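Worksheet: one structure, shown below.
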2 protein chains.
Amino acid sequence: MAVSIHTIEQLIDSSKTALIGSIDDHGFPNVKAMLQPRLRKGLNEFYFTTNTSSMRVGQYAAQRKACIYFFDNVSFIGAMLIGNMDVMKDDETKKMIWKDGDELYYPKGVIDPDYCVLKFSSISGRFYRNFSSENFKIESKISG
Amino acid sequence: MAVSIHTIEQLIDSSKTALIGSIDDHGFPNVKAMLQPRLRKGLNEFYFTTNTSSMRVGQYAAQRKACIYFFDNVSFIGAMLIGNMDVMKDDETKKMIWKDGDELYYPKGVIDPDYCVLKFSSISGRFYRNFSSENFKIESKISG
């Protein structure tokens with residue numbers, strides 16, 4: 001039976017961390033754990049806070065091909081989304097996911113130049129369970 | 001203070017899962033959770049069992065650039081190793097990491113054509129803690 005979108009969303013929302021994949025300047029895949037996305041729009045868009053000075057921001061600025069991955073190592077299920085990662089430095093996007101308390105990491109607030117947003121836009125998905133896997137479709141973007 | 005090799009080895013050995021990074025045929029990074037490596041030789045080589053027919057085996061056969069990543073989402077530390085992943089189908093390597101009970105997944109035993117080994121050879125490493133990161137060196141291979 002094909003995996004339901006609900007199952008994938010449940011996995012994502014219950015994950016404490018997201019793994020993000022990037023490509024470094026020598027063409028090697030890189031993986032890093034991130035705090036869960038601040039915001040997601042369906043399975044289409046995911047928004048993460050990060051440091052402008054971080055290594056991953058430099059990698060995505062040079063090569064936006066990316067993936068994000070969520071997994072549960074108790075039930076051993078996982079979902080990978082393939083897509084593009086954009087580094088967003090505009091105030092509108094930065095304000096959109098800013099939360100009280102972020103001043104701890106970015107003392108200058110939402111305009112802190114070391115605060116930026118990673119926006120992931122999905123192209124396709126793959127779901128893993130019971131040692132097998134299947135592709136799933138990303139539905140076209142829902143407005144609002 | 002620079003991270004100690006002991007800290008990295010402890011993180012790896014206490015991880016139930018390893019994340020492996022690959023590059024797909026469209027040049028996108030891919031991430032997948034694997035059971036912990038069956039064998040490691042220092043921080044130089046890591047051996048995983050897998051299915052010859054799996055998507056990752058096809059990806060590594062076409063492009064061996066890889067990474068492996070271990071993390072603890074309680075203490076929020078992580079270690080990434082960059083290197084090459086080779087698909088090993090020779091009996092010697094397959095026997096080396098075979099365990100009783102693997103017949104459950106590979107009914108034909110160690111010679112089962114759907115059983116093969118992913119061998120990861122490290123080039124460099126990066127360690128993450130307290131929202132910062134540092135590179136670490138891979139010591140030259142220790143024999144035995």
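Quick note on labels: first sequence line is chain A, next is B, and so on, each numbered from 1. Model, not experiment: these values are computed from the prediction.
Under the 4.5 Å side-chain criterion, counting only non-hydrogen atoms from C-beta, A:P29 is in contact with B:K65. At least one side-chain heavy atom of A:L19 sits less than 4.5 Å from a side-chain heavy atom of B:F71. Counting only heavy atoms from C-beta outward, the side chains of B:K32 and A:R126 never approach each other to under 4.5 Å.
In this structure, the separation between OG on A:S124 and NE2 on B:H26 is 9.0 Å, given to the nearest 0.5 Å. Rounding to the nearest 0.5 angstrom, the gap separating the CD1 atom in A:I23 from the CD1 atom in B:I23 is 4.5 Å. Between the CD1 atom in B:I82 and the CG atom in A:N30 there is a gap of 4.0 Å [rounded to 0.5 Å].
When each of B:Y105, B:F76, B:Y69 is scored by its heavy-atom pairs under 4.5 Å with chain A, the top score falls to B:Y69. Of all the listed residues (A:G83, A:S54, A:G78), the one sharing the greatest number of non-hydrogen pairs under 4.5 Å with chain B is A:G83.
Only the backbone of B:M34 has a heavy atom closer than 4.5 Å to any heavy atom of chain A. Proximity to chain A is absent for every atom of B:R64, based on heavy atoms less than 4.5 angstrom apart. For B:L35, the parts lying near chain A are the backbone and the side chain together; criterion is any non-hydrogen pair under 4.5 Å. Both the backbone and the side chain of A:F28 come within contact range of chain B, with heavy atoms under 4.5 Å apart. Looking at B:N51, neither its backbone nor its side chain comes within 4.5 Å of chain A, counting heavy atoms on both sides.
Counting non-hydrogen atoms of other residues, nucleotides and ligands closer than 6.0 Å to CD1 of A:I111 gives a total of 12 or fewer.
Cluster membership for A:M55 and A:F48, using ILVMFWY side-chain heavy atoms within less than 4.5 angstrom, is not shared. Cluster membership for B:I8 and B:L81, using ILVMFWY side-chain heavy atoms within less than 4.5 angstrom, is shared. Linking ILVMFWY side-chain heavy atoms closer than 4.5 Å, directly or via other members, places B:I77 and B:M80 in two distinct hydrophobic clusters. Connection of A:V117 to A:L39 is established within a shared hydrophobic cluster, with ILVMFWY side chains joined at heavy-atom distances below 4.5 Å, either directly or through further cluster members. Hydrophobic clustering keeps A:I12 apart from A:V31 (ILVMFWY residues linked when any side-chain heavy atoms are closer than 4.5 Å, directly or through intermediates).
Scanning both residues, A:V74 and B:K16, for their nearest heavy atoms gives CA-NZ, 3.9 Å.
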